[in-house]
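Values in this document were obtained by computation on a predicted structure and should not be read as measured data. Here is the naming used below: chain letters follow the sequence lines, and residue numbers restart at 1 for every chain.
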Number of protein chains: 2
Amino acid sequence: MARRRSEMLTDVELEFMIALWEIGTGSVRDIMGALHEDQQRAYTSVATVMKILDDKGFVSSDRKDRALVYSPAVQKRDYEGRSLKNLSKTLFGGTPTALVARLVDNEDLTDEMIQEIKEIIDTRIRKDDG
Amino acid sequence: MARRRSEMLTDVELEFMIALWEIGTGSVRDIMGALHEDQQRAYTSVATVMKILDDKGFVSSDRKDRALVYSPAVQKRDYEGRSLKNLSKTLFGGTPTALVARLVDNEDLTDEMIQEIKEIIDTRIRKDDG
DNA sequence: GATGGAGTACTAATTCCCTAGTAATTATAT
DNA sequence: ATATAATTACTAGGGAATTAGTACTCCATC
């Protein structure tokens, strides 16, 4: 611990966290193997970023044999929520409503997607009632 | 022009763009005055960032008298969409549905907000039909 | 005990962001 | 014309991100 300058992950840090979230727990070598990218990275580069993530509090580490095994200290769903809150705050005046309005504004969205979104909302409303 | 390393604005750049979007068009001094922040910034700092935004293509500049007058080259709604697409891609597997699901997952959301969101969706669906 | 392999820590180089000062330029007022 | 004010261009320095090399530690095996 100590860094924690930003609450948000950088692009590369996010890539690494996504890999770790997928495998749940893993060594540097495991994480290196789980990365989705085309770009090759040296083993030591991966190790360095994992240490930074540890410093920032996004992961925790345990020593198994001689290797460090990393686990997420922040769950993906939490970070997703944090990201949405951040985006909502910085760009949509803190109102999630405006965010959704812009989202469904997008021409790329198919009717099916809109329907799915509608169902998500309706489900949430029904859950509140019940 | 020339930089355009990232499609996305940094935090400070976004602050400045928000100021410019609000006033529509303005000189360095105008933008400095429109900034929402507590933090004071030197005139030359604002000028430097505006030049970078120009280099990156987010604004255009015209000389009026001796001063440069900046205008957005990217509209706020476009950047909002770009941000959502980016977030959707990096964190939600490219599916806006998952993004909305996480958004309405948030306990902070009041019933009123959920209702508003529902109306936004319903309006969009009706618009498609009509 | 020496050697080798695996892993971590340390360090470094590059690049970009952020801030702001100084110099140069241009216009205005006297 | 000269002094003054405003603005931009150039420059620099600190901090962080990214990448990766080197050195060092540990353990196992010969």
Side-chain angles (χ1 to χ4, degrees), chain A residues 1-20 23 25-71 86 90, chain B residues 1-20 23 25-71 86 90:
Chain A
M1 268 192 285
R3 277 201 194 215
R4 191 176 282 291
R5 220 164 302 275
S6 167
E7 301 272 290
M8 291 299 140
L9 297 163
T10 67
D11 289 350
V12 169
E13 288 167 358
L14 177 58
E15 275 295 328
F16 284 32
M17 285 303 295
I18 286 171
L20 185 58
I23 62 179
T25 266
S27 65
V28 169
R29 200 158 290 283
D30 297 332
I31 292 158
M32 190 162 52
L35 290 175
H36 283 187
E37 299 187 327
D38 315 320
Q39 198 199 343
Q40 278 301 342
R41 253 180 272 260
Y43 179 90
T44 51
S45 303
V46 180
T48 302
V49 173
M50 290 314 298
K51 187 163 171 37
I52 290 169
L53 286 168
D54 202 350
D55 290 347
K56 288 189 175 177
F58 283 100
V59 304
S60 62
S61 56
D62 265 316
R63 205 167 282 276
K64 288 265 164 57
D65 297 320
R66 71 225 98 121
L68 289 176
V69 174
Y70 290 101
S71 307
N86 185 58
T90 55
Chain B
M1 263 192 289
R3 277 199 195 214
R4 193 176 281 290
R5 220 165 301 277
S6 167
E7 301 271 292
M8 293 297 140
L9 296 163
T10 65
D11 289 349
V12 169
E13 287 167 359
L14 177 58
E15 275 295 327
F16 285 31
M17 286 303 296
I18 285 172
L20 184 59
I23 62 179
T25 266
S27 64
V28 169
R29 199 158 291 282
D30 298 332
I31 292 158
M32 190 164 49
L35 290 175
H36 283 187
E37 298 187 330
D38 314 319
Q39 199 199 341
Q40 278 300 342
R41 253 180 273 259
Y43 179 91
T44 51
S45 303
V46 180
T48 302
V49 173
M50 290 315 298
K51 187 164 171 37
I52 290 170
L53 286 169
D54 202 350
D55 290 346
K56 289 189 176 176
F58 283 100
V59 304
S60 63
S61 57
D62 265 317
R63 206 168 280 275
K64 289 263 163 60
D65 298 320
R66 65 219 109 120
L68 290 175
V69 174
Y70 290 102
S71 307
N86 184 58
T90 55

What is the distance, rounded to the nearest whole Å, between atom [atom1] of [X] and atom [atom2] of [N]?
| X | N | atom1 | atom2 | value |
| --- | --- | --- | --- | --- |
| Lys51(A) | dG7(C) | NZ | P | 17 Å |
| Lys56(B) | dC16(C) | NZ | C1' | 8 Å |
| Asp55(A) | dA17(D) | CG | C1' | 14 Å |
| Ile52(A) | dT8(C) | CD1 | P | 15 Å |
| Glu15(A) | dA17(D) | CD | C1' | 15 Å |
| Asp30(A) | dG7(C) | CG | P | 9 Å |
| Leu9(B) | dC18(C) | CG | C1' | 15 Å |
| Tyr70(B) | dT7(D) | OH | P | 12 Å |

message: A side-chain contact here means heavy atoms from C-beta on lying under 4.5 Å apart; do Ile23(B) and Ile31(B) qualify?
response: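 Yes, their side chains come closer than 4.5 Å.
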
query: Is there side-chain contact between Lys56(A) and Leu9(A), with heavy atoms separated by less than 4.5 Å?
result: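 In short, these two side chains do not touch, never coming nearer than 4.5 Å.
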
query: Taking OP1 and OP2 of dT8(D), is either one under 4.0 Å from a side-chain nitrogen or oxygen of Tyr43(B)?
result: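 For dT8(D), OP1 or OP2 has a side-chain N or O of Tyr43(B) closer than 4.0 Å.
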
Each nucleotide N or O in nucleotides 20-27 of chain C that has a protein N or O under 3.5 Å away: list the pair and distance.
| from | atom 1 | to | atom 2 | distance (Å) |
| --- | --- | --- | --- | --- |
| dA20(C) | OP2 | Ala42(B) | N | 3.1 |
| dA20(C) | OP2 | Ser45(B) | OG | 3.2 |
| dA20(C) | N6 | Thr48(B) | OG1 | 2.9 |
| dG21(C) | N7 | Thr44(B) | OG1 | 3.1 |

Of the listed nucleotides ([options]), which one gets closest to any side-chain atom of [X]?
| X | options | value |
| --- | --- | --- |
| Thr10(A) | dA9(C), dC18(C), dT18(D) | dT18(D) |
| Arg63(A) | dT18(D), dT8(C), dC17(C) | dT8(C) |
| Val28(B) | dT18(D), dT8(D), dC17(C) | dT8(D) |
| Asp11(A) | dT8(C), dT18(D), dC18(C) | dT18(D) |

field: Approximate separation, where rounding is to 0.5 Å, of Met8(B) CE and Phe58(B) CZ
entry: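 One gets 7.5 Å once the value is rounded to the nearest 0.5 Å.
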
query: Any donor and acceptor pair, going by atom type alone, linking the side chain of Asp54(A) with main-chain N or O of Lys51(A) inside 3.5 Å?
result: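 Judged by distance alone, no pair lies under 3.5 Å.
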
- prompt: Just by distance, do the side chain of Asp55(B) and the backbone of Ile52(B) share a donor-acceptor pair under 3.5 Å?
  reply: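 Not at all, since once roles are kept as given, no pair shorter than 3.5 Å links the two residues.
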
query: Under 3.5 Å, is there a donor-acceptor pair linking the side chains of Thr25(B) and Ser71(B)?
result: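 Yes, Ser71(B) and Thr25(B) have a side-chain donor paired with an acceptor closer than 3.5 Å.
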
task: Could you check whether Ala47(B) gets within reach of a base, just the sugar-phosphate, or nothing at all, counting any heavy atom under 4.0 Å?
output: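 No contact.
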
- request: List the atom of Leu53(A), the atom of Met17(A), and the distance in Å for their closest heavy-atom pair.
  value: CD1-SD, 3.9 Å

